[in-house]
Participant: 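Handing you a structure now.
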Amino acid sequence: MLVALDAPLLVIHGGAGVEPGDLNPQQEADIKAALSAALRAGYAKLQGGAPALDAVTAAITVLEDDPHFNAGRGAVFTHDGRNELDTSIMDGATGRAGAAAGLHRVRNPILLARAILEHSNHVMMVGDGAEAFAREQGITLVDPAYFRTESRWKSLQRALQEEKQAQLEQRPLVLPGRAYFGTVGALALDANGNLAAGTSTGGMTNKRYGRVGDSPIIGAGTWADARCAVSGTGWGEFYIRAAAAHEICARVRLAGVPLPKAANDVINVDIPRAGGDGGAIALGADGVVAFPFNTGGMYRGWIGSDGVPHVAIYKTDALEMP
């Protein structure tokens, strides 16, 4: 396998499901600036010779801190008016992984996922136990009010009203795409040719019963091996059933399918056929990148040897490829 040792690469997404008309010009500019900042933060690690895991962690931390994205500070609200955060990270070189779900106080969930990967014998922790471990590891905990943003609160109120109306009319509730999109993710290829993947989310607006989607599930929302790395964003239930992130990389590894075709077939064929939708980012050890999605837009971008962030929002946006 040929590896571009001198050309590290970082690929990110800020969630699928955005549609033309959803954003005003100022919001579009702010989101592109945030994507660019995340790319620069991650790429600075790669340029310094740091491993792919460091780049993924740095990029996702920037996105978690920005309220435009459904992760960290911009997390959506559950039915009960709380924020519940989920995350995972995986190192392609070693197969090690860390994940956490049902978090209420961890400022940067991706840092907890990384700590679980590096400092515990476990892969996944949830709820109070995960936060106890975070405290032991010195990871910043915040008052849950830190995650509250007015726009996400209004989204919950609209969702509750729509749910109530559907019940009154005795019809099934049809959720708009933006109810379950907005995950953030990053993939990195470092100077040693190693891959890593990470994902972080606030989950689904108006979710109940401690629902967990695909983002913290290794193989569903996040996967990295020696050849391929994937982070997903979309209707999590369908990504879990398809083991979507792993399925893409399995087709590359076992069947020799080119990465863009494998990613497209899983995200744009298999998942819609099952009734779901969404998007993903995929990165090969050979530097090949894919951005499959089947909604009107997906916040996405990459940065490579030219050191310039390349970002896009809508399906119609031109995005130069590496």
Participant: In chain order, what residues pass the salt bridge (Lys or Arg N to Asp or Glu O under 4.0 Å) check against Glu118, with sequence neighbours excluded?
Facilitator: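 Here the qualifying residues are Arg114.
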Participant: Closest approach of Ala71 and Ser200, non-hydrogen atoms and distance?
Facilitator: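 Nearest heavy atoms, Ala71 then Ser200: CB-O, 3.6 Å.
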Participant: Find out whether Leu195 and Leu283 are in side-chain contact, i.e. whether some heavy atom of one side chain is under 4.5 Å from a heavy atom of the other.
Facilitator: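 Side chain of Leu195 against side chain of Leu283, heavy atoms only: contact under 4.5 Å found.
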Participant: Are any side-chain N or O atoms of Lys45 and backbone N or O atoms of Thr57, one a donor and one an acceptor, separated by less than 3.5 Å?
Facilitator: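 Pair absent, no side-chain N/O of Lys45 close to backbone of Thr57.
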Participant: Less than 4.5 Å apart, side chain to side chain, heavy atoms only: is that true for Ile271 and Trp235?
Facilitator: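 No. Closest side-chain heavy atoms not under 4.5 Å.
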Participant: Do the charged groups of Glu247 and Arg251 touch, with an N to O distance under 4.0 Å?
Facilitator: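 Salt bridge: yes.
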Participant: Would you check if Asn206 and Thr78 make a side-chain contact, meaning some heavy-atom pair closer than 4.5 Å?
Facilitator: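 Asn206 vs Thr78: side chains apart.
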Participant: Could you tell me whether Arg107 and Asp65 make a salt bridge, using a distance below 4.0 angstrom between a side-chain N and a carboxylate O?
Facilitator: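 Looking at Asp65 together with Arg107, the answer is yes, because their closest N to O distance falls below 4.0 Å.
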Participant: Kindly say whether Ile313 contributes a backbone atom to a donor-acceptor pair with the side chain of Arg300 at under 3.5 angstrom?
Facilitator: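 Flag set: sc Arg300 to bb Ile313 pair under 3.5 Å.
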Participant: May I ask you to establish whether Arg211 and Tyr209 are in a cation-pi arrangement, using a distance under 6.0 Å from NZ or CZ to the six-membered ring centre and at most 45° from the ring axis?
Facilitator: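 Not satisfied by the 6.0 Å and 45° rule.
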Participant: Determine whether Val288 and Ile267 fall in the same hydrophobic cluster, where Ile, Leu, Val, Met, Phe, Trp and Tyr are linked whenever their side-chain heavy atoms lie under 4.5 Å apart.
Facilitator: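 Linked, Val288 and Ile267 end up in one cluster.
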Participant: State yes or no: do Leu10 and Ile31 share one hydrophobic cluster built from I, L, V, M, F, W and Y residues joined by side-chain heavy-atom distances below 4.5 Å, directly or via other members?
Facilitator: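 Leu10 clusters together with Ile31.
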Participant: Between Leu103 and Glu84, is there a side-chain heavy-atom distance shorter than 4.5 Å?
Facilitator: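 A side-chain contact is absent here, since even the closest heavy-atom pair is not under 4.5 Å.
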Participant: Check whether Ser88 reaches the backbone of Ser215 with its side chain - one donor and one acceptor, N or O, closer than 3.5 Å.
Facilitator: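 At least one qualifying donor-acceptor pair exists.
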Participant: Determine whether the side chains of Arg158 and Ser155 contain a donor N or O and an acceptor N or O closer than 3.5 Å.
Facilitator: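 Yes.
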Participant: Have Glu28 and Tyr314 got a donor and an acceptor in their side chains that come within less than 3.5 Å?
Facilitator: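 Yes, side-chain donor-acceptor contact under 3.5 Å.
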Participant: Is there a side-chain contact between Phe77 and Arg82, using heavy atoms and a 4.5 Å cut-off?
Facilitator: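 Counting from C-beta outward, Phe77 and Arg82 never come under 4.5 Å.
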Participant: Is the backbone N or O of Thr233 less than 3.5 Å from a side-chain atom of Thr183, with the two atoms forming a donor-acceptor pair by type?
Facilitator: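 A pair under 3.5 Å: no.
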Participant: Determine, using the 4.5 Å side-chain heavy-atom cutoff (strictly less than), whether Val308 and Val11 are members of one ILVMFWY cluster.
Facilitator: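 No, because Val308 and Val11 fall into different hydrophobic clusters, even though each may have its own neighbours under 4.5 Å.
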Participant: Say whether, by atom type as modelled, one donor and one acceptor occur between the side chain of Glu64 and the main chain of Ile110 under 3.5 angstrom.
Facilitator: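 Side chain of Glu64 to backbone of Ile110: a pair is present.
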Participant: Do Leu117 and Trp223 sit in one hydrophobic cluster, given that two such residues count as connected whenever their side-chain heavy atoms are within less than 4.5 Å of each other, even indirectly?
Facilitator: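 No, Leu117 and Trp223 fall in different hydrophobic clusters.
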Participant: Quick one, Leu189 and Pro8 - any side-chain contact, counting heavy atoms below 4.5 Å?
Facilitator: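 Counting from C-beta outward, Leu189 and Pro8 never come under 4.5 Å.
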Participant: Decide side-chain contact (heavy atoms from CB on, under 4.5 Å) for Val18 and Leu23; before the verdict, give the C-alpha distance in whole Å, the side-chain angles of both, and the deciding distance to 0.1 Å.
Facilitator: CA-CA 8 Å; Val18 62; Leu23 305 172; 3.9 Å; yes
Participant: Using only atom types and a distance under 3.5 Å, with no angle test, would you say the side chain of Asn70 pairs donor to acceptor with the backbone of Gly203?
Facilitator: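 Answer holds: yes.
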Participant: What's the spacing between Ile12 CD1 and Phe291 CZ if we round to 0.5 Å?
Facilitator: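 Output value for this atom pair is 8.5 Å.
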Participant: Check Asp190 against Ala50 and note the closest heavy-atom contact, atom names and distance.
Facilitator: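 Nearest pair, atom of Asp190 first, then Ala50: CB-O, 3.8 Å.
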Participant: Can a side-chain donor-acceptor contact be found between Asn294 and Asn268 if the only test is distance below 3.5 angstrom?
Facilitator: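 There is such a pair (donor and acceptor under 3.5 Å, judged by atom type) between the side chains of Asn268 and Asn294.
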Participant: Taking all heavy atoms of Tyr239 and all of Ala220, pick out the closest pair and write down the distance.
Facilitator: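 In terms of heavy atoms, the two residues are closest at O-CB, 3.8 Å.
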Participant: Looking at Ala75, is its backbone amide N or carbonyl O close enough to the side chain of Asn83 to form a donor-acceptor pair, meaning the two atoms are under 3.5 Å apart?
Facilitator: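 A pair under 3.5 Å: yes.
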Participant: When you compare the side chain of Leu39 with that of His310, does any pair of heavy atoms fall below 4.5 Å?
Facilitator: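 No - every pair of side-chain heavy atoms lies 4.5 Å or more apart.
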Participant: Look at the side chain of Asn194 and the backbone N and O of Pro51, then say whether any donor-acceptor pair between them is shorter than 3.5 Å.
Facilitator: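 Not confirmed, Asn194 side chain does not pair with Pro51 backbone.
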Participant: Between Glu150 and Lys154, is a side-chain contact (heavy atoms from CB on, under 4.5 Å) present by the stated rule, with each step listed?
Facilitator: CA-CA 6 Å; Glu150 199 57 35; Lys154 286 176 179 171; 4.0 Å; yes
Participant: Inspect the surroundings of NZ in Lys207 and state if more than 12 heavy atoms from other residues, nucleotides or ligands are less than 6.0 Å away.
Facilitator: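 For Lys207, atom NZ is crowded (more than 12 foreign heavy atoms under 6.0 Å).
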Participant: Under 4.5 Å between any side-chain heavy atoms of Ile248 and Leu259, yes or no?
Facilitator: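 Yes; the side chains approach each other to less than 4.5 Å.
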Participant: For a side-chain contact (heavy atoms from CB on, under 4.5 Å) check, start with the C-alpha distance between Leu53 and Ile89, then their side-chain angles and the critical distance, and finish with the verdict.
Facilitator: CA-CA 8 Å; Leu53 275 177; Ile89 194 166; 3.7 Å; yes
Participant: Assign the ring pair Tyr299 / Phe69 to parallel, tilted or perpendicular, where the plane angle (0 to 90°) is split at 30° and 60°.
Facilitator: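 Perpendicular, since the angle between the ring planes exceeds 60°.
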Participant: For Thr222 and Thr199, test the side chains for any donor-to-acceptor distance below 3.5 angstrom and give the result as yes or no.
Facilitator: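 Present: a donor and an acceptor within the cut-off.
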Participant: Sequence neighbours excluded and cut-off under 3.5 Å, please list the side-chain donor-acceptor pairs for residues 122-144, or say none.
Facilitator:
from	atom 1	to	atom 2	distance (Å)
Glu131	OE2	His104	N	2.6
Glu131	OE2	Arg105	N	2.6
Asp143	OD1	Ala145	N	2.8

Participant: Just one of Glu163, Glu169, Glu162 clears the side-chain hydrogen bond (donor to acceptor under 3.5 Å, both in side chains) bar with Gln165, so which one?
Facilitator: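 Testing each of Glu163, Glu169, Glu162 against Gln165, the sole residue satisfying side-chain hydrogen bond (donor to acceptor under 3.5 Å, both in side chains) is Glu169.
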